[in-house]
Student: 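Input: one structure, supplied below.
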Protein chains: 2
Amino acid sequence: MQATNKTRRKRPGTSRRGKRATVQIHHLRSPCPIANLLDVAGDKWSLLVVRDLLRGRSTFNQLLESPEKIPTNLLADRLKRLEKAGILMRTPYQKRPVRYSYTLTQKGKELQHVLDVVVRWSKKHIAGVQTFTDLNL
Amino acid sequence: MQATNKTRRKRPGTSRRGKRATVQIHHLRSPCPIANLLDVAGDKWSLLVVRDLLRGRSTFNQLLESPEKIPTNLLADRLKRLEKAGILMRTPYQKRPVRYSYTLTQKGKELQHVLDVVVRWSKKHIAGVQTFTDLNL
DNA sequence: CCTCGTGACTTGCATTTTGCAAGTTATCCG
DNA sequence: CGGATAACTTGCAAAATGCAAGTCACGAGG
């Protein structure tokens, strides 16, 4: 019924110290290539962002408009993570008002092959799917 | 926060096997085939389970042994979800002591094509990856 | 009989991540 | 000046994750 042993865990709030500004070693769960992609894009949104960039979307608001309706805070977070992972780049395409555009790197563009196969699988095995017209994505 | 039945949660012997009597409408976020796979396997563990089943693992404990060390509660949950999604099947391969084995359906087996491309992408773009020997997974 | 071990899970609980709504900052437009 | 965009932040409740431990059958050994 109970683990009773409450074994001291960190007191939240009191220790103003562990802000994890430490080593940047981004620790891989395993040497498996599948686990490696999942470490960086293993969530419900990242690959949709990649899909939209492949489809030619490039600004924050364009990315928000897709039918899945990603929340703004998650989009901001995913863009940061994917940039850090070298999958996309963020560049100001104009200043005065500064506006940013997001574009895939070569590494990111090659995820197209992954998405292609995913599309083929889903079309075969899931009812009611349909692709965005032009790019087959 | 585990909203369901906060107070009494302690009838072990007679309880139903964690059934979640929810509506069966499995709500898709969008008609996009990519979103559809993500709805069912868009997390850090599901595809690793599929990988291991493709590699011939089949029991609960075998699946626990992979290098990524999935927690037992998550493995139980993922097996349930993947079964519900028609990607794998759970069958007792012996009774007296009843033991279960998990195997991929045809739908699940065809995820191999997705994983193949993921492996190719990761080997090209992520340092330090290496595949499990025999099956290229 | 009693204990130990194994397989397949469940349960408790703290930490993290999500998702919604609203707020913010800067800049243009009329 | 009063909006309207663009690109984000922030607050916070709810859900998911992850660890450790507990449970429920058997089955073998003493």
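The model shown is predicted, which means the values in this text are computed figures rather than measured ones.
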Student: With no hydrogens and no angle check, do the side chains of B:Asp52 and B:Ser66 hold a donor and an acceptor under 3.5 Å apart?
Tutor: yes
Student: How many whole angstroms separate atom CG of A:Asp39 from atom C1' of C:dT16?
Tutor: 16 Å
Student: Report the nucleotide, chosen from D:dC8, D:dA16, C:dT18, that has the shortest atom-to-atom distance to any side-chain atom of B:Arg78.
Tutor: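 Nearest to the side-chain atoms of B:Arg78, counting from C-beta on, is D:dA16.
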Student: Just compare C:dT10, C:dT18, D:dG18 and give me whichever is closest to any side-chain atom of B:Pro71.
Tutor: D:dG18
Student: Determine whether B:Leu37 and B:Leu111 make a side-chain contact, defined as any pair of heavy atoms from C-beta on separated by less than 4.5 Å.
Tutor: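 B:Leu37 vs B:Leu111: side chains touch.
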Student: Counting only side-chain nitrogens and oxygens, does B:Trp45 get under 4.0 Å of the OP1 or OP2 atom of D:dA16?
Tutor: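 For D:dA16, neither OP1 nor OP2 has a side-chain N or O of B:Trp45 closer than 4.0 Å.
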Student: When we call it a touch if two heavy atoms are under 4.0 Å apart, what does B:Asp77 touch: a base, just sugar-phosphate, or nothing?
Tutor: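 No contact at all - B:Asp77 keeps every heavy atom at 4.0 Å or more from the nucleic acid.
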Student: Using a heavy-atom cut-off of under 4.0 Å over every strand shown, decide if A:Tyr100 touches base, sugar-phosphate, or nothing.
Tutor: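 Sugar-phosphate only.
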Student: Does the side chain of A:Asp116 come under 3.5 Å of the side chain of A:Gln112 through a donor N or O and an acceptor N or O?
Tutor: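 Short answer, yes.
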Student: With DNA chain C as reference, determine whether A:Lys44 or A:Pro97 sits nearer its 5' end, using the nearest nucleotide of each.
Tutor: A:Lys44
Student: Tell me the interatomic distance from B:Arg29, atom CZ, to C:dC20, atom P, rounded to whole angstroms.
Tutor: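 Computing the B:Arg29:CZ to C:dC20:P distance gives 11 Å.
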Student: For the residue pair A:Arg51 and A:Trp45, would you count it as a cation-pi contact if the rule is NZ or CZ under 6.0 angstrom from the ring centre and within 45 degrees of the ring axis?
Tutor: no
Student: Tell me: CD1 of A:Ile70 to C1' of C:dT17, nearest whole Å?
Tutor: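 To the nearest whole Å, that distance equals 13 Å.
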Student: Measure from CZ on A:Phe60 to C1' on C:dT25 and round the result to the nearest Å.
Tutor: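 About 14 Å, once rounded to whole Å.
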Student: Would you mind telling me which residue lines up with the more 5' stretch of DNA chain C, A:Asn73 or B:Leu64, judged by nearest nucleotide?
Tutor: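 Mapping each residue to its closest nucleotide by heavy atoms, the 5'-most match is B:Leu64.
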Student: Does A:Arg99 make a cation-pi contact with A:Tyr93, if we ask for NZ or CZ under 6.0 Å from the ring centre and within 45° of the axis?
Tutor: no
Student: Using a cut-off of 4.0 Å on non-hydrogen atoms, how would the nucleic acid contact of A:Lys80 be classed: base, sugar-phosphate, or nothing?
Tutor: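 Sugar-phosphate contact only - A:Lys80 comes under 4.0 Å of backbone atoms but never of a base.
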Student: Can you check the B:Glu68 CD to D:dT17 P distance for me, whole Å?
Tutor: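 Those two atoms, CD and P, are 16 Å apart.
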Student: Over how many whole Å does the gap from A:Arg90 atom CZ to D:dA7 atom P extend?
Tutor: 10 Å
Student: Check the phosphate of D:dC8 against A:Tyr102, side-chain N and O only, distance under 4.0 Å to OP1 or OP2. Yes or no?
Tutor: yes
Student: So, OP1 or OP2 of D:dA6: does either fall under 4.0 Å of a side-chain N or O from A:Thr59?
Tutor: no
Student: Nearest whole Å is fine: how far is C:dC9 P from B:Leu74 CG?
Tutor: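 So the CG-P distance, B:Leu74 to C:dC9, works out to 15 Å.
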Student: Of the nucleotides C:dG7, C:dG12, D:dA7, which one has an atom closest to the side chain of B:Arg99?
Tutor: C:dG7
Student: How long is the line joining CG of B:Leu75 and P of D:dG18, in whole Å?
Tutor: 13 Å
Student: What's the closest nucleotide to the B:Asp43 side chain, out of C:dG19, D:dT9, D:dT17?
Tutor: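 Between C:dG19, D:dT9, D:dT17, the one nearest the side chain of B:Asp43 would be D:dT17.
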